[in-house]
Amino acid sequence: GCARDWDGLTCWPRATFGEVVKIPCPRFFEEFTSTHGKIFFSCFLQRNCTQEEYWSEPFPPYTIACGFDEGSNKGPEDQKSYYSAFWRIYTAGYAASVTSLITALIVFAAFRKFHCTRNYIHMHLFVSFILRAVAVFTKDAVLFADETMDHCLMSTVACKAAVAFFQFSILANFFWLLIEGIYLQTLLLLTFVSNKKFVWWFIFTGWGAPTAVMFAWVLTRIHQQNTG
């Protein structure tokens, strides 16, 4: 028969050939529609398990069975206006963050009295935050340069590179937050040991570990899920 299946909205149980499976609408639709209460217990979706071991499309469609119409709440122009405003806000926030971080890097690099292990680690953390902001700008520029292209369905090298860089920057950011914590721990445990010899280990871990994880993730995606 047909194996269990997740269609993106609900889970369908295993079924035998020719069986018609009937399930109620997912309860979360109550958050998106004015249809509430007991009516959801009488709204059902159905799918056929065909002889070819394929599930049929749900019938009636979710929009009819569950009383949800994507265009009922907000029109395309309203949604576009909302996302445009949201984009402006986080773009301005990341721009302010990058400006502040670059200023801090210049100050730490320019004055010799700031040259110490603690501030070196801070500087690498700042760089990881800068990379994260730049990755967001890059991803937006690549993914939304052409509004007619759906990157979830179309596979392009630029899109994959932008998303991989975005994931790497997030990994590096969290690893350097981890390094900050590890450094504080070494100060407590190794009070009388020079911490300068640990700097290169910190740098190797802070940038090497996310690179290794990212490399493994990219290879896995290429060989197991090379879509979109």
Side-chain angles (χ1 to χ4, degrees), residues 3-12 26 28-29 31-32 54-55 57-58 61-63 68-71 73-102 105 123-179 203-228:
R4 281 191 291 266
D5 181 62
W6 169 257
D7 66 358
L9 291 173
T10 192
C11 187
W12 295 83
F28 64 80
F29 272 109
E31 303 296 330
F32 305 103
Y54 292 121
W55 283 103
E57 290 296 319
Y62 281 96
T63 54
F68 173 68
D69 183 2
E70 290 181 308
N73 296 324
K74 288 186 176 181
E77 290 302 319
D78 293 331
Q79 291 184 348
K80 187 175 181 179
S81 176
Y82 168 77
Y83 288 121
S84 178
F86 186 72
W87 172 79
R88 289 191 184 96
I89 291 172
Y90 78 70
T91 299
Y94 277 120
S97 176
V98 168
T99 303
S100 302
L101 290 166
I102 291 177
L105 281 175
M123 291 170 73
H124 282 280
L125 178 63
F126 293 169
V127 171
S128 71
F129 273 111
I130 292 172
L131 286 180
R132 186 166 180 168
V134 171
V136 171
F137 297 148
T138 304
K139 181 168 64 71
D140 285 353
V142 172
L143 267 61
F144 306 125
D146 186 358
E147 294 184 358
T148 63
M149 181 178 292
D150 184 356
H151 289 278
C152 292
L153 303 176
M154 300 182 66
S155 180
T156 63
V157 175
C159 174
K160 291 178 178 178
V163 172
F165 176 49
F166 177 71
Q167 299 286 7
F168 170 79
S169 66
I170 294 176
L171 274 171
N173 193 204
F174 280 104
F175 266 102
W176 276 104
L177 288 170
L178 174 64
I179 295 299
I203 294 174
F204 178 77
T205 304
W207 296 112
T211 301
V213 174
M214 196 70 243
F215 185 70
W217 180 77
V218 169
L219 289 179
T220 304
R221 285 297 303 266
I222 289 174
H223 290 93
Q224 300 294 331
Q225 196 182 11
N226 191 18
T227 57

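What's counted below: heavy atoms across the whole structure, side chains too, no hydrogens, waters or symmetry copies.
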Original post:
Can you tell me if Ser128 and Arg132 form a side-chain donor-acceptor pair at under 3.5 Å?
Top reply: no
Subject >> Non-hydrogen side-chain atoms of Val218 and Met214 separated by less than 4.5 Å >> reply: yes
Subject >> Chi angles and distances behind the side chain to side chain contact (heavy atoms under 4.5 Å, CB included) call for Val163, Gln167 >> reply: CA-CA 6 Å; Val163 172; Gln167 299 286 7; 4.3 Å; yes
Original post:
Is Lys160 close to Asn226 at the side-chain level, that is, under 4.5 Å between some pair of heavy atoms?
Top reply: yes
**OP:** Could you tell me whether the side chain of Ser97 and the main chain of Gly93 form a donor-acceptor pair under 3.5 Å?
**Re:** no
Name every donor-acceptor pair, under 3.5 Å, that has one atom in a side chain of residues 205-213 and the other anywhere in the protein, sequence neighbours excluded.
from	atom 1	to	atom 2	distance (Å)
Thr205	OG1	Trp201	O	2.9
Trp207	NE1	His124	ND1	3.0
Thr211	OG1	Trp207	O	2.7

Subject >> Spacing of OG1 belonging to Thr10 relative to CG belonging to Asp5, to within rounding of 0.5 Å >> reply: 10.0 Å
Original post:
Listed by chain and number, what are the ring pair (Phe, Tyr, Trp, His ring centres under 6.0 Å) partners of Phe86, not counting sequence neighbours?
Top reply: Tyr90
Subject >> Partners passing salt bridge (charged side-chain N to carboxylate O under 4.0 Å, His left out) against Asp140 (at least two apart in sequence or in another chain) >> reply: none
**OP:** Drop me the distance from Leu143's CG to Thr156's OG1, to the nearest 0.5 angstrom.
**Re:** 7.5 Å
**OP:** Apply side chain to side chain contact (heavy atoms under 4.5 Å, CB included) to Leu105 and list each qualifying residue two or more places apart in sequence or on a separate chain.
**Re:** Met123, Phe126, Val127, Ile130
**OP:** Report the residues that fulfil side chain to side chain contact (heavy atoms under 4.5 Å, CB included) with Leu177, sequence neighbours left out, ordered by chain and then residue number.
**Re:** Leu125, Phe174
Original post:
Taking all atoms of both residues into account, what is the closest heavy-atom pair of Ile203 and Trp176, and its distance?
Top reply: CA-CH2, 3.8 Å
Subject >> Listed partners of Thr91 passing side chain to side chain contact (heavy atoms under 4.5 Å, CB included), at least two apart >> reply: Trp87, Phe137
**OP:** Would you indicate whether the side-chain heavy atoms of Tyr62 and Asp7 approach each other to under 4.5 Å?
**Re:** yes
